Amino acid sequence: MSKAVSYELLHECKQTGARRGIIHTPHGDIQTPIFMPVGTQATVKSLTPEELKEDVKAQIILSNTYHLYLRPGNKLIKQAGGLHNFMRWTGPILTDSGGFQVFSLGDLRTIQEEGVEFKSHLDGSRHFFSPESVMEIENDLGADIIMAFDECCPYPSTYEYTKNSMERTTRWALRCKDAHKNTEKQALFGIIQGGFYKDLRKKSAEDLIKLDLPGYAIGGISVGEPKEEFLDILKYTTPLMPKDKPRYLMGVGTPDYLIEAAIAGIDMCDCVLPTRIARNGTAMTWNGKVVVRNAIYEKDFSPLDEECDCYTCKNYTRAYIRHLIKANEILGVRLLSLHNLRFLTSLMERVKIEIERDNLLNFRNEFYIKYGYEK
RNA sequence: GUGGAUGUGGUGUAGUUGGUUAACACGUCAGUUUGUGGCACUGAAGAUCGUGGGUUCGAGUCCCAUCUUCCACC
């Protein structure tokens, strides 16, 4: 049993089984289910920690082993007193292991049992990640929750490839557990793989659960597959996960997926989507996606979202934000990023309330209609 | 007035010795974005080449006239 992180279940929605709970971490409690903003390079792009805490109301943020290892280097961050101190974020932090980045960014990569050789996207230099080296980096960074080094299979992948990959990820997880040196303050989460094959998902979950890690994640979905397949694997895999530990669905960030994840029994999600689409001029609102960059908003002097309580919506118009985005002004990116993140955190706050009311299914159906999704 | 230069999509420019559907950048318009990507990616619209006439099988690309703008000179 890890002392770093523990999960407390408060309520299960009678309509859906969704979980309302608290994750206790060394840097504070997290009310779940939760959406975690992504701060890849030790910063949630364009926002200060104060804005994240007070305006976005983020409870935990995610950062990245791969990027921080390459620049500025994990030893430098350790020297700075750890990631919390370095970036001045006092709340909980989760670091991804770099497994996903090595596969999506690295030009040249060679996967072996020992680990992965890859080339830096910054300068092309060669590097090697193993479960042991990744644990050392994540220990240096000092996040409250650290992810095991895994392989994320592309979609689609063959059964054989997925099986071999999943089994290796399980062996790597054991090596991560053995190499993790700071269990008092950092909780190591395992990542369930197995692609879109249910028997592999089951096997992955069973073997990883035997390691008795303090939390578990679902990896390898939301990688470009149709929504039906995503939901199928999500709803199959989540019940296989321990009930007394946090459940993390990696890489999910559209409103419908977040709601479906909560319904399936997921506690945590993260995604670059809200900040990325913000940089390209798009907002999420309670009435659907608003591409505020589009010409129809040129003279629209209403806020992005009438229902939103964020700083952006309380003070600025669509016309102004469109102007900023068109003019490539930094403030446009900031205002949209702040809004999109606040939209998702407020969406999850609403989900928490609906779970407590045992009304999440009704809420989902109403939300889908209003947002413009098809059920 | 004389001499020279200039005139190509919204803007700035390419367009070999004349040869099929006039190129590029920016801009505009739209789409994309799910454990990476801050100014991204994909696509679309848009000029008949100042105007008129001529040579030629065929002209943005040669000739004439005319207009525009600029420079020099008187």
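Numbers restart at 1 for each chain; the letters A, B, ... are given by sequence-line order, proteins then strands. None of the values given here were measured: they were computed from a predicted structure.
Heavy atoms of A:Asp96 sit under 4.0 angstrom from at least one base atom. Using a 4.0 Å heavy-atom criterion, one finds that A:Gly220 contacts the bases of the nucleic acid, with or without backbone contacts as well. At the heavy-atom level, A:Val223 lies nowhere under 4.0 Å from the strands shown. Residue contacts for A:Thr254: at a heavy-atom cut-off of 4.0 Å it reaches a base atom on one of the strands shown. Nucleic acid contact for A:Val252: base, since at least one base atom lies under 4.0 Å from a heavy atom of the residue. Base contact: A:Ile191 has a heavy atom under 4.0 Å from a base atom. A:Gln193 comes within contact range of at least one nucleobase, with a heavy-atom separation under 4.0 Å. Within the 4.0 angstrom heavy-atom criterion, no nucleotide atom of any strand lies near A:Arg71.
When the C1' atom is used for both B:U56 and B:G50, the distance is 23 Å, rounded to whole Å. Atom name C1', nucleotides B:C26 and B:U21: the rounded distance is 25 Å, in whole Å. For the C1' atoms, the distance linking B:A44 with B:G35 amounts to 34 Å, nearest Å. Comparing B:C74 with B:U13, their P atoms are spaced 30 Å from each other, to the whole Å. One C1' atom belongs to B:G19, the other to B:U55, and the distance between them is 16 Å to the nearest Å. When the P atom is compared between B:A45 and B:A25, the two are found 15 Å apart, to the nearest whole Å. With C1' as the reference atom, B:C73 and B:U61 are 31 Å apart, rounded to whole Å. Nucleotides B:A22 and B:G27 place their P atoms 25 Å apart, quoted to the nearest Å.
Under 4.0 Å is where a charged nitrogen must lie from a carboxylate oxygen, and between A:Glu354 and A:Arg364 no such pair does. Using a cut-off of 4.0 Å between Lys/Arg side-chain N and Asp/Glu carboxylate O, A:Asp232 and A:Lys227 are scored as not salt-bridged. Remark: A:Glu151 engages A:Arg168 in a salt bridge, criterion side-chain N to carboxylate O under 4.0 Å.
Between the P atom of B:G35 and the CZ atom of A:Phe230 lies a distance of 11 Å, rounded to the nearest Å. Straight-line distance from the CZ atom of A:Arg322 to the P atom of B:A30: 7 Å, rounded to whole Å. With rounding to whole Å, A:Arg293 atom CZ is found 12 Å from B:U42 atom C1'. Going from atom CD1 of A:Ile325 over to atom C1' of B:G38 covers 10 Å, rounded to whole Å. Atom OH of A:Tyr297 and atom P of B:C29 are 13 Å apart (whole Å). Distance, A:Leu344 CG to B:U34 P: 14 Å, rounded to whole Å. B:G35 atom C1' lies 13 Å from atom CD1 of A:Ile218, rounded to whole Å. For the pair A:Asn328 CG and B:C39 P, the interatomic distance rounds to 10 Å; values are reported in whole Å.
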Without placing hydrogens or testing angles, list every side-chain donor-acceptor pair under 3.5 Å for residues 39-49 of chain A, not counting sequence neighbours.
residue	atom	partner	partner atom	Å
A:Thr48	OG1	A:Glu51	N	3.1
A:Thr48	OG1	A:Glu51	OE1	3.3

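Residues A:Ile221 and A:Ser46 each lie close to RNA chain B; by heavy-atom proximity, the contact nearer the 5' end of the strand is made by A:Ile221. Between A:Ile277 and A:Arg334, it is A:Ile277 whose nearest contact on RNA chain B lies nearer the 5' terminus.
Comparing B:U33, B:G37, B:C29 by their closest approach to the side chain of A:Asn280 singles out B:U33. Closest to the side chain of A:Gln101, out of B:A40, B:G37, B:U36, is B:U36. Residue A:Asp270 places its side chain closer to B:G35 than to any other of B:C29, B:G38, B:G35.
Using a distance-only test at 3.5 Å, with no hydrogens or angles considered, no donor-acceptor pair links the side chain of A:Arg20 to the main chain of A:Glu356. Side chain of A:Thr162 to backbone of A:Thr158: a donor-acceptor contact under 3.5 angstrom is found. Remark: side-chain polar atoms of A:His84 are paired, donor with acceptor, to backbone N or O of A:Gly91 under 3.5 angstrom. Not a single donor-acceptor pair under 3.5 Å links the side chain of A:Ser157 to the backbone N or O of A:Cys153.
Neither OP1 nor OP2 of B:U32 sits under 4.0 Å from any side-chain N or O of A:Thr282. Side-chain N/O atoms of A:Lys45 include none lying less than 4.0 angstrom from OP1 or OP2 on B:C39. A sub-4.0 Å separation between OP1 or OP2 of B:U28 and a side-chain N or O of A:Lys326 is present. A sub-4.0 Å separation between OP1 or OP2 of B:G37 and a side-chain N or O of A:Arg276 is present. Side-chain nitrogen and oxygen atoms of A:Lys289 include at least one within less than 4.0 Å of the OP1 or OP2 phosphate oxygen of B:U32. Contact between the side-chain N/O atoms of A:Asn64 and the OP1/OP2 oxygens of B:U36 is found at a separation under 4.0 Å. Contact annotation: A:Asn294 side-chain N/O to B:A30 OP1/OP2 distance is under 4.0 Å.
A donor-acceptor contact under 3.5 Å is not formed by the side chain of A:Arg109 with the base of B:U36.
Using bins of under 30°, 30° to 60° and over 60° for the plane-to-plane angle, the ring pair A:Phe367/A:Trp286 lands in the perpendicular bin. A parallel orientation is assigned to the rings of A:Tyr257 and A:Phe230, their planes being inclined by less than 30° (bins at 30° and 60°).
Listed here is the closest heavy atom pair of A:Ser97 and A:Met147: CB-O, 3.2 Å.
Between A:Gln193 and A:Thr169, the side chains place no donor N or O within less than 3.5 Å of an acceptor N or O (distance only, hydrogens not considered).
The structure places CD1 of A:Ile209 at 7.0 Å from CG of A:Leu240, a figure rounded to the nearest 0.5 Å.
Residues from residues 137-152 of chain A with heavy atoms under 4.0 angstrom of RNA chain B, sorted by number: A:Asp150, A:Cys152.
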Fill in the dot-bracket string of RNA chain B, one character per base: . for unpaired, | for a pair to another strand, ( ) or [ ] for pairs within the strand, taking Watson-Crick or G-U pairs under 3.5 Å. (((((.((.[[[[.)...(...]]]].(((((.......))))).....[[[[[..)....]]]]]).))))).
